[in-house]
Each structure stands twice: as C-alpha cells, then as structure tokens.
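Since we're looking at a predicted model, the values are computed, not measured.
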Amino acid sequence: MKWFLILLGIMAIAAVVVIMRLPASLVPMILAEVEQRNLLPPESPSLFLTQTSGTIWQGQSADSIVEIDGVSVPLGRVSWELSPLSLLRSEPTLNVASSAPMQTLSTTLSVDMQGQIIMTALEGRLPIGALEPWFPMLIRGDITFVIDHMIFTANTLHAIEGVLNFEYVDWVGGDYDMPLGSYMAHIYQQENQVRVQFDDFDATLGMDGLMSIEPDGNYTFDAILQPREGLAAEVRESITWFGKKQVNDSVLIKTRGHL
C-alpha cells in the first residue's frame, strides 16, 4: 500500500509537470476548435495567433490579428499569463498585453461563477484612424484609454466605466493638417445604452456631445461644435457640412448610424 501511494504521488507530480509545460502552440489550435464548434456567439471577434512560444500558461505570439465584423485589426506582439490557481477556484484569470506600431493594449480578464466575463484595468493607446472602418472621419491623432471595468456575457454588456482621451487631434480634410485640440470622453452604461460623453480642453474646435449606442449597434450622436480663436478658416467652413449652423457660429450635429 505504501509503494502504491508513493507511485500515485509520483504520477500526480509527473502529470502536473506535463500540464505546466503544455506548449503555447496549442492555443491557436484551441481557438480554431472553439470557432469550428461554434462555441462562441455569432459575429464574435476572431483571434489569430502566429509564431507562438512559451506555454499555454505563460506565452506569447510574435504576430496576431483580431477580426471584427470582417475588418482585420493587427495587434502585433501578444503575451499572456493564465493563472493555474484561478482554474482551481473556477474563476479563470488571464493577463493579456499587446504591442504594435503606434498602439499598445493591456488588460486582465476573468470569468466568474455566473459565466460573466469581467475585464478590468483595460489600458492602451491607438491611432484614431484605427476606428475608421466603423466611423468615417477626417481627423488624425491618438486615443489613450483607461477602462476601469467592463462586464459582459455572450451578447449582453452589463457594465462599463472608463475614460477616453483624444490627443493632439488634427483635421486632415485640406492640403495640410490643421490642429483642433485635445478632447476627453467619459464612457459608461445607462438605461441599457452605452453612452460616450465628450468634452474639450478649451480646444480650438470646441465640442460638447453625447453618443448613445443601443445593444443592437444603432447609435445617435448629438453635439455642438464651437469654433474658437485660432481655428483654421478651412475647418470653420467644413464643419457646416455636418450639421446646422447657429447664430453664434456654432454647429448643431444630430447623426444616426449603425456600428
């Protein structure tokens, strides 16, 4: 009996060693199997990893792409760390970070006992142009963001809270780039809508606006644009294309669309 228990202990240790050394190359195979078996909701983003190294617990991919609504977004180098102890607690926790030219991203993902995915400390930077597949725009600059938390299940967003900063925004609709300023947006959920409240830091093109996004992707954007001293004449003229000019030279915008 004593030798049996010793053998059982050796086998358990060997199994743990094997599991802890499972190669990162298994991750793309697991992602492909999940997609092939339709284990995710329809139209979910697809993640593609190449040139993996490390283990499934702590690994990295030299190149990666996420596909959203048919649009491929390069993420560059992706690294991850999955806590084995979190699996034993039935609350898997994954730390993820990515970096590519002009963009970075890091966050912590976990799944609770109710099957909710909880994303915390989502931080990053990307060029505004990365949003162009979803929003037609004539501006250039960077977005930095800090999302305190986001909680969602398969097709339902339950909570979101964070801040977006639009830094050093330039208008690119003419022969040269024309500075507009910097802006801040508070993102939150209210009445089953995701709302993005825009504000400016005394930008040369002032903006006070609210975007409301419905669960089905339909959105409304209501804003007032206010030209200020230093704004290029070309921009003053161009912003009247987007809305109704008011007596104080501000422009009232009311747009509707679908993401």
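The aromatic rings of F198 and F166 are tilted relative to each other, their planes meeting at an angle between 30° and 60°.
The two atoms that bring S72 and E67 nearest to each other are OG-OE1, 3.6 Å, heavy atoms only. The minimum heavy-atom distance linking G181 with A203 is given by the pair CA-CB, 3.8 Å. In this structure, P227 and I239 approach most closely via the heavy-atom pair CG-CD1, 3.8 Å.
In this structure, N192 and P215 have side chains that are in contact, with non-hydrogen atoms separated by less than 4.5 Å. Here the side chains of E214 and Q193 are in contact, with some heavy-atom distance below 4.5 Å. Between I56 and L82 there is no side-chain heavy-atom pair separated by less than 4.5 Å. When side chains are defined from C-beta on, D208 does not count as touching D200, because their heavy atoms never get closer than 4.5 Å. For the pair Y183/L164, no side-chain contact is recorded, criterion being any heavy-atom separation below 4.5 Å from C-beta on. Considering only heavy atoms from C-beta on, R77 comes within 4.5 Å of S99 through its side chain. Two residues are said to be in side-chain contact when any heavy atoms from C-beta on lie closer than 4.5 Å; D142 and Y168 fail this criterion. Using a 4.5 Å heavy-atom threshold, the side chains of W171 and T204 count as separate.
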Verdict with reasoning, T108 to T120, per side-chain contact (heavy atoms from CB on, under 4.5 Å): CA-CA 5 Å; T108 296; T120 57; 3.7 Å; yes
Stepwise side-chain contact (heavy atoms from CB on, under 4.5 Å) check, L157 with Q189: CA-CA 9 Å; L157 179 66; Q189 188 173 31; 4.3 Å; yes
Derivation and outcome, side-chain contact (heavy atoms from CB on, under 4.5 Å), residues W80 and V27: CA-CA 11 Å; W80 67 86; V27 175; 3.7 Å; yes
side-chain contact (heavy atoms from CB on, under 4.5 Å) between L126 and F145, intermediate numbers included: CA-CA 9 Å; L126 71 158; F145 51 89; 3.2 Å; yes
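In terms of modelled atom types and a separation under 3.5 Å, the side chain of N165 and the main chain of E167 share no donor-acceptor contact. Judged by distance alone, the side chain of Q103 and the main-chain N or O of G76 form no donor-acceptor pair under 3.5 Å. The closest donor-acceptor contact from the side chain of S61 to the backbone of L49 lies at 3.5 Å or more, if one exists at all. Here the side chain of T52 pairs no donor or acceptor atom with the backbone of Q60 at under 3.5 angstrom. Checking side-chain atoms of S83 against main-chain N and O of E81 turns up no donor-acceptor pair under 3.5 Å.
When each of Q114, Q116, H158 is checked for a side chain to side chain donor-acceptor pair (under 3.5 Å) with T153, only H158 meets the rule. Test L180, I139, V251 against L205 for side chain to side chain contact (heavy atoms under 4.5 Å, CB included) and you get one pass: L180. For the pairing with H186, the side chain to side chain donor-acceptor pair (under 3.5 Å) check across Q197, R195, E161 returns one residue only, E161.
Between the CG atom of L252 and the CD atom of Q226 there is a distance of 12.0 Å, given to the nearest 0.5 Å. Note: R256 CZ to F221 CZ = 11.0 Å, rounded to the nearest 0.5 Å.
Neither M207 nor I224 shares a network with the other; the hydrophobic side chains, linked directly or stepwise wherever heavy atoms of I, L, V, M, F, W or Y lie under 4.5 Å apart, form separate groups for each. Note on I147: it clusters hydrophobically with L109, by side-chain heavy-atom contacts below 4.5 Å among ILVMFWY residues. Note on M178: it clusters hydrophobically with L138, by side-chain heavy-atom contacts below 4.5 Å among ILVMFWY residues. Cluster membership for M29 and L31, using ILVMFWY side-chain heavy atoms within less than 4.5 angstrom, is shared. Residues I151 and V146 do not share a hydrophobic cluster, clusters being chains of Ile/Leu/Val/Met/Phe/Trp/Tyr side chains in contact below 4.5 Å.
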